[in-house]
Amino acid sequence: MDNASRRYRITVTPVESDGLPCFHRCSLEFDHTSAHDLMRRVESTTTRHALPGNESTSVVVGLSLLELLLERGSPETRQLLTPLAAGLRQQLETTWAPSPAG
């Protein structure tokens, strides 16, 4: 884990059928602070697990958000995630494990 926290702004914007972003108030935006470099995690996940770029990014962002919620979420959120916690922690260890020396 890196020592410095990084701040990310995550935006979810629906794309219209014509390929353009939607108009008005249709985007979701929120901040996410992580002690990990999400860009490096995406690169590593893409390479190690042979995932396409969009899927790799989805896996990294999704797991990173859930990881943060398990660590620092409200008691209500942690309780909601309790049934997933053991499997999620195991998947986090597998996904973020250092690459074997080649």
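On a predicted model such as this, the values are computed, not experimentally measured, just so you know.
Qualifying salt bridge (charged side-chain N to carboxylate O under 4.0 Å, His left out) partners for D18, counting only residues two or more places apart in sequence or in other chains: none.
E76 and S74 are linked by a side-chain donor-acceptor pair at a separation below 3.5 angstrom, with hydrogens and angles left out of the test.
One finds the CD atom of E71 at 8.0 Å from the CZ atom of R89 (value rounded to the nearest 0.5 Å). In this structure, T95 OG1 and E67 CD are separated by 10.0 Å, a value rounded to the nearest 0.5 Å. Here the straight-line distance linking atom CG of L92 with atom CG of L70 works out to 7.5 Å at 0.5 Å rounding. In this structure, CD in Q91 is found 12.5 Å from CG in L84, a value given to the nearest 0.5 Å. Separation of atoms CZ (R72) and OG1 (T33) is listed at 7.0 Å; rounding is to 0.5 Å.
At most 12 heavy atoms of other shown residues, nucleotides or ligands fall within 6.0 angstrom of atom CD in Q90.
Hydrophobic cluster membership for L28: V12 (Ile, Leu, Val, Met, Phe, Trp, Tyr linked by side-chain heavy atoms under 4.5 Å, directly or transitively).
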### Query
Should L88 and L81 be marked as a side-chain contact (heavy atoms from CB on, under 4.5 Å) after you check the CA-CA gap, both sets of side-chain angles, and the distance that decides it?
CA-CA 9 Å; L88 182 58; L81 294 174; 5.6 Å; no
### Query
Step by step, would you call L38 with R6 a side-chain contact (heavy atoms from CB on, under 4.5 Å)?
CA-CA 9 Å; L38 296 186; R6 291 174 172 80; over 6 Å; no
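When all heavy atoms of T94 and R48 are compared, the closest pair comes out as O-NH1, 3.9 Å. Closest approach of F30 and L65 over heavy atoms only: CE1-CD2, 3.9 Å. The two residues R78 and L69 make their nearest non-hydrogen contact at CG-O, 3.4 Å. The two residues C26 and P14 have their closest heavy-atom pair at O-CD, 3.2 Å.
Side-chain atoms of S44 do not come within 3.5 Å of backbone N or O of R40 as any donor-acceptor pair. Checking side-chain atoms of T82 against main-chain N and O of Q79 turns up a donor-acceptor pair under 3.5 Å.
In this structure, the side chains of R41 and S64 come closer than 4.5 Å at one or more pairs of heavy atoms.
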Output side-chain donor-acceptor pairs under 3.5 Å for residues 53-60, partner residues at least two apart or in another chain, one line each.
| residue | atom | partner | partner atom | Å |
| --- | --- | --- | --- | --- |
| S56 | OG | V42 | O | 3.1 |
| S56 | OG | T46 | N | 3.2 |
| S56 | OG | T46 | OG1 | 2.7 |
| T57 | OG1 | G53 | O | 3.0 |
| S58 | OG | N54 | O | 2.9 |

